[in-house]
Every structure is written in structure tokens, then in C-alpha cells.
There are 2 protein chains.
Amino acid sequence: MAATQPERSRDRDRTQGEILEVATREFAEHGYSGARVDEIAERTRTTKRMLYYYFGSKEGLFVAVLEQAYAAIRAAEQTVDVDHLDPVAAIRALAELTFDHHEAHPDFIRLVSIENIHRGEHMAESLAAINAPAVERIERILRAGREAGVFRADVDAVDLHMLISSYCVFRVANRHTWQALFDRDLLAADRRDGYRTMLGDVVVAYLTG
Amino acid sequence: MAATQPERSRDRDRTQGEILEVATREFAEHGYSGARVDEIAERTRTTKRMLYYYFGSKEGLFVAVLEQAYAAIRAAEQTVDVDHLDPVAAIRALAELTFDHHEAHPDFIRLVSIENIHRGEHMAESLAAINAPAVERIERILRAGREAGVFRADVDAVDLHMLISSYCVFRVANRHTWQALFDRDLLAADRRDGYRTMLGDVVVAYLTG
DNA sequence: GCCATAATGTACGAACTAGTACGTTACATA
DNA sequence: TATGTAACGTACTAGTTCGTACATTATGGC
């Protein structure tokens, strides 16, 4: 058991992890330009020196934050199995799981929005591989639905993924302007079930229509 | 005719308009924190002094930029009439017009994303009134569709507006991360018609399903 | 033509901010 | 226990950035 090693005052992994954790919050909170390196260092048990020691620059730190955020979110997604369901139930379950997943990780969505403002220039190559399984899973369900004759045949997996993502992301990402414009809180607890069902209805109606 | 007045060296409207125009681009380009007041002033025929004279602060300028952007986009929308069409054709036309509209105004969508990163704290009260007609128009179409017995009865106008907006906004706003993750350009010209039709299909299938 | 004032330009400063030079200490290994 | 190196801390700087004090000029009304 290495679990209860004597605590070290110098621990590469712990220091890096702590910096990443604090940096994730700071970037999600204030955007890339708005985030302050000094502030991140301040909230860590280590110093700014170490931040540059491990990540090289503010930009390098942001790249690491993004990479870790995508990895974490996809890892959590893969624990769910929907393949044993019939196609209609499977795609509805997948859509609704995506819905819950996005609601549970608003910081991740903020990071993605921020990265898009910066034209995706911090996206690491490795992220494509991490995200491929999400599309493959949809592909399997679509194929099953086509073979069963219940889904229309001209739907692409990536595009369906976009339909689902757009709904889930918008609700979280554009919550504040929507509230100001239409006086409606998209994340109100008492509307959540309704929005989740609506998404399932939309996806199923489109595929079976 | 006041059209060809002798050009004035001191023109309140022209100066304000020029500052707003340049500021809109700068904020959309770099985000709120990333935008530089000096850079905005530099690209204007006037100076930073005037920017503060008319808008008070960087924040005041951003509020003005947002307000003008929303006003412009809604004004353009209202020139289109879809009320004379039958409900199914009307809602499809509306969705597809929204689609084209968003594609044509990426800077506006960037500003909205940026404002959401900042939790909507710059949204002026007046914006709600400006945006109300968009929902009212959907409301009319929904009512006609219900009365004709072709639409399901439990759909709310604001929520349908969200469904349409989410699809249109995501395509533009999340273009860069999507490209990096799935190697697909959501704004590629040869896919535009397909995406537009897909949105119409989704909305109509949901409402009539 | 004169004047009140709206509009404008110049020059500057105080605070901030990313990044670094330089020195120190814990730890693994022999 | 000696030592090389990875991990760490302090103090600083060069450049930036929002904002303003102060001076000036154009313009419309009388």
C-alpha cells in the first residue's frame, strides 16, 4: 500500500494537481485574459514560480487545464452503457444523460466557450482521440435503429451529436443572457425534467419522423 | 435635405458611432478583458479621451456595444414576414431565417458568449423589450398550428425559441472546438443547406410528432 | 462679433501583470 | 553520510492598461 506514505513537502503530482484545480476555477470564472496568474498562485499552497516551472506560461497552463477538463468529462461519460437498449430508448437515454452531464459541469462548458472565443487555438491534438468514443457510441445506436427500420437513414452521427450538444450546452452557456431577455431561468430546478423530456422528444421525433 | 450637410469636424453622432463600431469588433475579437481601450481609440479617428467622454468607462462602452448589437439584430429580423404562411411552413421558414441570420452575424454571437462568461452583468433592462417580438411571433405561429390541429399542444414559445437558437448559436459559437474534436467545419459552405434543412426537419418533427 | 458650452487633444500616472534572476532546500541514490 | 538534482521561495522588473488632469477649439444662439 502506497496510500499512506509519509506526507512529502515536495510532491510533483500534488503540486501540479493543485495548480490545475485552482487554475480551472480561475479561467472558468474570468476567461483567459481575465484570469490572473498571481491570483491562481495565491490560492495554491505553492507559488507562482512553480506554476511557471511546471506549465511554462499562462497559455501553457490554460492548455493543460483544457486537456484535463475534456479528459475528465469523457471519462465520466464512458461509465454509462446504453447499448443493450432498443434504439429509440437508447438514443433517448443517451440524450438525457448528456443533458444531466452538462448541467452537472458548468465550469467545463464555460471553459469551452472561452476557448471558442479564442478560436480554439489552445486545443491539443490529443483531444480528438479522447472524444471519438462519444461519436462511435451514437453511430452504433443509429445503425441499430436504421437496421430495425425505425430511424431515418440520412442522419450522420456527428451531426446528431451536435443537435444534442447544442441544446444541452446552450441551456447552461447562455443562461444569463436568456434570463435577462426572457426572464426565464433555464436551470431552474422545477423546469429541469421538462427540458430533459423535451430534448428526448426532439431527438426521437427527428429520427423517427 | 439634411443629407449633404457640410462635414463638421465635431460631430457627436459620427464620433459615437465610430467608437461603437470599432469597439464592437475589438470586444468580439478579444473578449471583454482581452479588449484594449487604447487599441479601440487607436483605430478611431478620435482619441481615448472621447471614448471616456461619451461612455464613461470600458464597462460603459461594452454595455453600449451590447445594446446596439441586440437592437441591430432584432431590427433586421423584423423585416421578415412569415405570418401569411400555413403553420408548418411558417415555423420552418422562421427557423431557417434564424439559421441564416446567425450565420451572417458571428460577431454578435461572440458578444453574447462573452457576456455570458461575465454572467450577463452588462445586460441593459431595455433589451427585454427589444427581444419580446421574436417570441410573440413564434407564439402566433404555435397558436395557429394548435388550432389547425397539426402541432402538439404543450409547447411553449420561449422554449421553442431556445431549441431553434441553441442549434443556430452552437454552430457558430462552438465552431472551433468542434473542428478540433471532430475535424468538421460546421460553417463549411457545402454543408450549409444540409444543416439548414436539418434544423427545419427537427423543429417540424418535434411540433407535429 | 461675442459668448457659453459641447467637443476634442495631449500628456501623464498609478496600479497592475506576466514573467524571471537568483538563491535555497528536500530527497533519492550511492 | 555525501552529493547531484528536482522542487521550491523571494524579490524584482519591464511593459502594459485603464483612467484623468489640464488645456484648447469649434459651433450655435444672441
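Each chain gets a letter, A, B and so on, in the order the sequences are listed, and its residues count up from 1.
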Peer 1: Return the value, rounded to whole Å, for the distance between atom CG of B:Asp13 and atom C1' of C:dA6.
Peer 2: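 It is 13 Å, rounded to the nearest whole Å.
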Peer 1: Name every residue in residues 111-124 of chain A that has at least one heavy atom under 4.0 Å from any atom of DNA chain C, in order of residue number, or write none if there are no such residues.
Peer 2: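 None - not one residue of the stretch has a heavy atom sitting under 4.0 Å from the strand.
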Peer 1: Have B:Thr46 and B:Glu18 got a donor and an acceptor in their side chains that come within less than 3.5 Å?
Peer 2: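 Side-chain D/A pair, B:Thr46 to B:Glu18: absent.
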Peer 1: To the nearest Å, give me how far apart CZ (A:Arg45) and P (D:dC8) are.
Peer 2: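 Interatomic distance, CZ of A:Arg45 to P of D:dC8: 11 Å.
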Peer 1: Heavy atoms within less than 4.0 Å of DNA chain C: which residues of residues 52-68 of chain A have one? Give them sorted by number.
Peer 2: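 Within residues 52-68 of chain A, the residues near DNA chain C are A:Tyr52, A:Ser57, A:Lys58.
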Peer 1: To the nearest angstrom, how far is B:Lys48 atom NZ from D:dT17 atom P?
Peer 2: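 Whole-Å distance recorded here is 11 Å.
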Peer 1: For the residue pair B:Arg184 and A:Asp156, establish whether any side-chain heavy-atom pair is separated by less than 4.5 Å.
Peer 2: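 Yes, at least one pair of side-chain atoms sits under 4.5 Å.
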Peer 1: Decide yes or no for B:Tyr206 and A:Tyr206: does some side-chain heavy atom of the first lie under 4.5 Å from some side-chain heavy atom of the second?
Peer 2: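 SC-SC contact between B:Tyr206 and A:Tyr206 ruled out.
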Peer 1: Without decimals, in angstroms, what is the distance between B:Leu51 CG and C:dT10 P?
Peer 2: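 For the pair B:Leu51 CG and C:dT10 P, the rounded distance is 16 Å.
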Peer 1: Counting distance only, does the side-chain N/O of B:Lys58 pair as donor-acceptor with the main-chain N or O of B:Arg36 below 3.5 Å?
Peer 2: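 No, because the side chain of B:Lys58 does not come within donor-acceptor range (under 3.5 Å) of the backbone of B:Arg36.
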Peer 1: After noting the C-alpha distance and the side-chain angles of A:His122 and A:Tyr32, does the key distance pass the ring-ring contact (aromatic ring centres under 6.0 Å, His included) rule?
Peer 2: CA-CA 11 Å; A:His122 308 99; A:Tyr32 177 73; 5.3 Å; yes
Peer 1: Side-chain donor-acceptor pair under 3.5 Å between A:Asn116 and B:Arg175, yes or no?
Peer 2: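 No, no side-chain donor-acceptor contact under 3.5 Å.
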Peer 1: Quickly work out the B:Glu42 CD to C:dG9 C1' distance and round it to whole Å.
Peer 2: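 In whole Å, C:dG9 C1' lies 14 Å from B:Glu42 CD.
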Peer 1: Treating B:Arg171 as the side-chain partner and B:Leu186 as the backbone partner, does any N or O pair qualify as donor plus acceptor under 3.5 Å?
Peer 2: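 Looks like yes, one N/O pair under 3.5 Å.
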Peer 1: Start with the C-alpha gap between B:His161 and A:Phe182, add the side-chain angles, then the distance that decides, and say whether ring-ring contact (aromatic ring centres under 6.0 Å, His included) holds.
Peer 2: CA-CA 10 Å; B:His161 187 39; A:Phe182 305 114; 5.4 Å; yes
Peer 1: Under 4.0 Å between a side-chain N or O of B:Thr46 and OP1 or OP2 of C:dT8?
Peer 2: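 Checking B:Thr46 against C:dT8: no side-chain N or O falls below 4.0 Å of OP1 or OP2.
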Peer 1: If you only use heavy atoms from C-beta on, which nucleotide in C:dA18, C:dG9, D:dA7 is closest to the side chain of A:Met50?
Peer 2: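 For the A:Met50 side chain, the nearest candidate turns out to be D:dA7.
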Peer 1: Tell me whether A:Arg43 is salt-bridged to A:Glu21, with the criterion being a basic N under 4.0 Å from an acidic carboxylate O.
Peer 2: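 Not counted as a salt bridge, because no side-chain N and carboxylate O are separated by less than 4.0 Å.
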Peer 1: Do any side-chain nitrogens or oxygens of B:Thr47 fall under 4.0 Å of OP1 or OP2 in C:dT10?
Peer 2: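 B:Thr47 to C:dT10 OP1/OP2: no side-chain N or O under 4.0 Å.
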Peer 1: Compare all side-chain heavy atoms of A:Thr98 with those of A:His102 and state whether any distance is below 4.5 angstrom.
Peer 2: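 A side-chain contact exists here, since the closest heavy-atom pair is under 4.5 Å.
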Peer 1: So, does A:Arg49 get its side chain near the phosphate of D:dG9, meaning an N or O under 4.0 Å from OP1 or OP2?
Peer 2: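 For D:dG9, OP1/OP2 do not have a side-chain N/O of A:Arg49 under 4.0 Å.
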Peer 1: For DNA chain D, what residues of residues 28-41 of chain A have any heavy atom nearer than 4.0 Å?
Peer 2: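 Within residues 28-41 of chain A, no residue comes under 4.0 Å of DNA chain D.
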Peer 1: Give me the ring orientation class for A:Tyr167 and A:Phe99: parallel if the planes are under 30° apart, tilted from 30 to 60°, perpendicular past 60°.
Peer 2: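 Geometry flag for A:Phe99 against A:Tyr167: tilted rings.
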